[in-house]
Amino acid sequence: MPVDSPTETRRPRSGLAPLLVVGGLLAALIGAALVAASGSDRYLIQGLPTPDAFTEHALTVVRVLTEIGCVITVGSLLFAAFLVPPQKSGVLDVGGYAAVRMATWGAVVWFVGALASAPFTAADAVGRDITTVLRADVLLQLVGTLSQAQAWLLTAAIALVVLVATRFVLTWGWTVALFVIAVVGIVPVAVTGHSSSGGQHDMATNSLLFHLVAAALWVGGLVALLAHGRRRADHLGLAAKRFSQVALVCWIVMAISGVVNAWVRLPIGDLFTSWYGGLVLAKTAALLVLGVFGYLQRERGVREVAETGSGRALARLAAVEVLIMLLTIGIAAALARTPPPETGAAEPDRVELALGYPIGEAPTLGRLLFSWRFDLVFGTIAIALALIYLRGFLKLRAKGIAWPVGRLVSWLAGCFVVLFATSSGFGRYSPAMFSIHMEAHMMLSMLAPVLLVLGAPVTLAMRALPAAGKDAPPGAREWLLAFVHSPVSRVLTHPVVALVLFVGSFYGLYLTGLFDSALDEHWAHLVMNAHFLLVGYIFYWPVIGTDPAPRRLPHLGRLGLVFASMPFHAFFGVILMSTQTVIGERFYQGLGLPWNTDLLADQRLGGGIAWASGEIPLLVVLIALLVQWSRADDREARRSDRRVDEGTADDLDAYNAMLRQLAEGKNQP
């Protein structure tokens, strides 16, 4: 083991395991009791057969324990990656190493629970006892047809990857990667539960994603902080301060997303008259109590650590808060197992069942521009990015540091394009019509990334964020620099990789049947939009970006990369306009839109949009690149003139000639 590898020191035992065991068992019992109290009507509401009592209660218990394992894994990796600093070499310090080991035990529970949830979910869905479902032939058949059982198996696979990897991770960079993987593990089950079906399921699913991720960061981070404090490890004050900021954001996100999820699933009149509404109120009350404890933790616990170095008050508050959080997980599990009450409203039509909302009349220019439906994921991201950039801009102005207004305008315009492509009429109609989907695709992959890259966000962050200092723990500025120069960034920004991802995505998505399979799933639309945006940014970053980048291409190489991409876009548009096969035909026919009956003509229109709208942004990129090239030549000419005026040009030329002679001498045999 290297000298700077993390080593365990003799510290007092945390005493956290009994609290987690007791809290987990209480949460499981509360969840099972609440589900039992709701009676069997929930199966009648969903039109499902009633399983035996053991399967019904065991599924709730397993789900509670699985969620506890998940939040401990995610929170511990968050703690190791961002709340305590690593050593200068990048190897985890003792506190981070201990948190990763805690994540290992959390991943064990998460993996076993997710694996067990698949057959229990299948048994619950078909009303059979668990022993019957555990037969290999029956289990394979049910898992092959039940999306939520498949989601649990995928979650178990992700948990297993995290479990194995935590046994080998010693460095900060890999800890960050594992943290991202663990957060992704929350997604599969979230997008296949009650929120993913019925009317407005897109809004319900998006809000649930925010809710679950925020809960995992908050609950798991607090458990890791409490364990760190009870070990009396170093950097407790720093960890408590950073977690306090994370917890505040998570509480706000949970509150807003919880309100949105309840609003789309439950009429206000049923909030006080239904069992589902009672569970929502109980969870809301627990969230408010946790908010009070979070405030006390911030005002008393963190302050005591900062002033005296003692974490007693923090440990007491955190222990009670963790217990309440675990009980809240039990309530949440019961809520997830309880369908919303019947409202008496008309059943959603097939369009609303497929998309989550009624599509309305045929699209017109006015409807595309003004018929907005806010996208909780990308709309929120666009607004948040704009506000963060504005904060950095105003911070520089307060310091008297100039920042080009053109970059500010470019960034805000890029954020607006993301918002417009996903939340305007284009976002409303894009899941229902291929041509409008292609227009939104072009905005997200071709236009928005160009504007965002020209905004130079990394450079702004480098100037606005304070440097940690020589001996201080790394902060947001250092994390951003580490990401820019990470191996992942170097691979993704390689010209060949960036080009293949950028132009290959069109062919791989639309011409292989992948798009046809993705149309039915809301989560697949989220992944597609994220892919379009990220791949576009990765391609344009080394081409026209002024930000620090892991690879700096010469201007001639950038120009060649742009020219290399242009024929592929044109050829893709030609393929769409000339093909006789309708992409996504089954899905579009299933919608049965009376004003979109000629699917092949709509697809050819989409091909024309891909061809035309793809060339215009590339022309803008070409102009921007030529302007940057000209300015770079001007700067180099001015530097050369200054050297001549200062009399240093001859010395520099002689020095360069000497280096060339030395290099030639070494190359000679």
Kindly compute the distance separating [atom1] ([X]) from [atom2] ([Y]), expressed to the nearest 0.5 Å.
X      : Y      : atom1 : atom2 : value
Met325 : Leu222 : CE    : CG    : 5.0 Å
Arg373 : Tyr429 : CZ    : OH    : 12.5 Å
Trp541 : Thr546 : CH2   : OG1   : 11.5 Å
Leu290 : Trp218 : CG    : CH2   : 4.5 Å
Thr73  : Leu78  : OG1   : CG    : 12.5 Å
Thr422 : Phe532 : OG1   : CZ    : 13.0 Å

Would you find a donor on one side and an acceptor on the other, under 3.5 Å apart, between the side chain of [X] and the backbone of [Y]?
X      : Y      : value
Ser410 : Gly406 : no
Ser244 : Lys241 : no
Trp372 : Phe420 : no
Trp263 : Gly258 : no
Arg407 : Ala456 : no
Ser430 : Phe426 : yes
Ser424 : Ala421 : no
Glu478 : Gly475 : yes
Thr205 : Val191 : no
Ser423 : Asp375 : yes

Contact between [X] and [Y] at the side-chain level, heavy atoms closer than 4.5 Å - yes or no?
X      : Y      : value
Pro85  : His235 : yes
Phe572 : Tyr510 : yes
Lys283 : Thr328 : yes
Pro449 : Leu534 : no
Phe210 : Ile256 : no
Asn206 : Leu526 : yes
Leu287 : Trp251 : yes
Val503 : Phe539 : no

What is the minimum heavy-atom distance between [X] and [Y], and which atoms define it?
X      : Y      : value
Arg242 : Pro474 : NH2-O, 2.7 Å
Pro431 : Gly427 : CD-O, 3.4 Å
Trp479 : Ala81  : NE1-O, 4.5 Å
Ser489 : Thr493 : O-OG1, 2.6 Å
Ile359 : Ala432 : CD1-CB, 4.2 Å
Ala99  : Ser76  : O-CB, 3.2 Å

side-chain contact (heavy atoms from CB on, under 4.5 Å) evaluation trace for Met442 with Leu447: CA-CA 7 Å; Met442 292 297 106; Leu447 180 57; over 6 Å; no

Could you tell me if the ring centre of Phe502 sits under 6.0 Å from that of Phe568? no

Phe515/His437 aromatic ring centres below 6.0 Å: yes

Does Trp174 have more than 12 heavy atoms from other residues, nucleotides or ligands lying within 6.0 Å of its CH2? no

Full working for side-chain hydrogen bond (donor to acceptor under 3.5 Å, both in side chains) between Ser257 and His211: CA-CA 6 Å; Ser257 59; His211 196 79; 3.1 Å; yes

For side-chain hydrogen bond (donor to acceptor under 3.5 Å, both in side chains), just list the numbers for Thr459 and Asp547, CA-CA rounded to whole Å, side-chain angles, deciding distance to a tenth of an Å, and then say yes or no. CA-CA 5 Å; Thr459 303; Asp547 279 333; 2.6 Å; yes

Verdict with reasoning, Val100 to Thr175, per side-chain contact (heavy atoms from CB on, under 4.5 Å): CA-CA 8 Å; Val100 171; Thr175 304; 4.2 Å; yes

Run the numbers on Leu236 and His228 for side-chain contact (heavy atoms from CB on, under 4.5 Å), then give the verdict. CA-CA 7 Å; Leu236 177 60; His228 189 77; 4.0 Å; yes

Between Asp93 and Val84, is the side-chain contact (heavy atoms from CB on, under 4.5 Å) condition met? List the steps. CA-CA 8 Å; Asp93 206 348; Val84 290; over 6 Å; no

Could you tell me if Asp202 and His525 have a donor-acceptor pair between their side chains, going purely by distance under 3.5 Å? no

